There are 2 protein chains.
Amino acid sequence: MAPATPLKRPYAARLPPDERRDQLLSAALDLAIERGFHAITIEGVARACGVTRPVVYGCFADRTALLDALVDRSEERALSALAAVFPDVPADGDPTDPDELIVAGLDAYLRAVAADPRTWRVILLPPEGAPAAMAARTNAQRRLLLRHLRGLSDWGLARRGTALDADLFARAVFTLAEGAARLLLADPGRWPVEHFTDFCRSILVAMRPGAPPEPKPA
Amino acid sequence: MAPATPLKRPYAARLPPDERRDQLLSAALDLAIERGFHAITIEGVARACGVTRPVVYGCFADRTALLDALVDRSEERALSALAAVFPDVPADGDPTDPDELIVAGLDAYLRAVAADPRTWRVILLPPEGAPAAMAARTNAQRRLLLRHLRGLSDWGLARRGTALDADLFARAVFTLAEGAARLLLADPGRWPVEHFTDFCRSILVAMRPGAPPEPKPA
DNA sequence: GCTCATTGCTACATGTCTGTAGCAACACAG
DNA sequence: CTGTGTTGCTACAGACATGTAGCAATGAGC
């Protein structure tokens, strides 16, 4: 009989290894987001690409290598987005307003998250079954980021003349920013970014020291 | 030969079903905390109690039922702890200071978490492989709690004369409280509870409407 | 059109966990 | 000490995912 009814599988289109690799990673990410990481099975990823298991093993040594590659890619994307978001600690004479620095940073961060939700979902709202290695790596990056925010806080609180624990302040800002990002991801469309930045600005304004001290002693 | 060397298994002590059930659940919780939920395997739980698999099946219909029971127990414990923490919305004439209400609530919450870390760890720092059903249930409870906090915020912000979005304020307080609790759990001993309550009080004091420059940015 | 390196497929062997059936040890009542 | 019900054990069968070996289809270059 002619192969008019290729019941099993219609011999998938051939792809060069690099493209296949990318395609498989994207499919794996979709599976993780929609049905959890435990749904990232060799068979599952292969099916999602209309391909059989040995094809996956052609691109990744084993399931662990696939997951590692997925985490690598997400981390890479997130970090490159973050690099554009966070300002350096301003120099001594810099006239930048600390409050506006925070608001601008929050705005940029939230827009970056909204612009690439698939990547940030995996980081901020880890789907079921996320590998421990991934949590470890995102937490390591969080610590680095926190260190940077701590530097900014030292500078900003001093400049503002606000007497607050800089460590906890940095952590609070970070926690709230991630919380806002989670709301954005969980319910896109409901929360315009300005909703959060306006709120942030209101709080900072409310916290303005009523009688501002001397701007700088030299 | 005498059974001097019971190589395989020394016939575990017999327990009535209720006690066995509790023991199995505790062992499962330990496994989840130490090695992730995927380590909760029938065999693993049984071994941890010095028992064989059919004993587990005597107490739970299957693995899913075991996990459900574990989630039930955690939820129950957490909710009964929370019930003692959160105050009702004060009546109209009540002279309670809103800021002190927040600080006292935070204090009580953090102490409740510190008093039962195994329960709260599972909720606030879900180990690897946590079942989606569990996340769904804790999130449902979070929504309820948030509703209550929203009521308190409406009252407190009005009474204080602070013009802030009550919904976001409630969410912010909740997010920060959970963040503080996570720090407590992740690194017990490093963070005295007063560290957080003092910081919280400092912020609220700084936000006292002493000299609000302009209420709204046109 | 043929050749041949490349890409994908079928089929197998293995390991780990689940869930069940039927037997064996214990301990308490009398 | 002996019966009897309860609790635990050994042993089996099946599901599902992994990872591998060897064959088959494809299509670009001559």
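Values in this document were obtained by computation on a predicted structure and should not be read as measured data. Order of the sequence lines fixes the chain letters, A, B, ..., with proteins taken first and strands second; residue numbering starts at 1 for each chain.
The OH atom of Y57(A) sits 18 Å away from the P atom of dA11(C) (whole-angstrom rounding). If you measure from atom CZ of R63(A) to atom P of dG19(D), you get 9 Å, rounded to the nearest angstrom. The distance from atom CG of L15(A) to atom C1' of dG27(D) is 14 Å, rounded to the nearest whole Å. Atom CG of L66(A) and atom P of dG19(D) are 10 Å apart (whole Å). Computed from coordinates, the I42(A) CD1 to dT14(C) P distance equals 20 Å when rounded to whole Å. Rounded to whole Å, the distance from CD on E19(A) to C1' on dT6(C) is 14 Å. Taking atom CZ on F60(A) and atom P on dT20(D), their separation rounds to 16 Å, with Å as the unit.
Comparing Y11(B) and T41(B) by the nucleotide of DNA chain C whose heavy atom lies nearest to each, the residue mapping closer to the 5' end is T41(B). Sequence order on DNA chain D of the closest nucleotides to R53(B) and G50(B) puts G50(B) first from the 5' end.
Contact annotation: the side chain of R201(A) approaches that of E100(A) to within less than 4.5 Å [non-hydrogen atoms, C-beta and beyond].
Among the heavy atoms of the strands, none lies under 4.0 Å from A65(B).
Side chain of R182(B) to backbone of L124(B): a donor-acceptor contact under 3.5 angstrom is found. For the pair R63(A) (side chain) and I40(A) (backbone), a donor-acceptor distance under 3.5 Å is present.
Donor-acceptor pairing under 3.5 Å, judged by distance alone, is absent between the side chain of R14(B) and the base of dA27(C).
Relative orientation of the F86(B) and Y109(B) rings is tilted, given thresholds of 30° and 60° on the angle between their planes.
Closest to the side chain of T52(A), out of dT7(D), dT18(D), dT10(C), is dT10(C).
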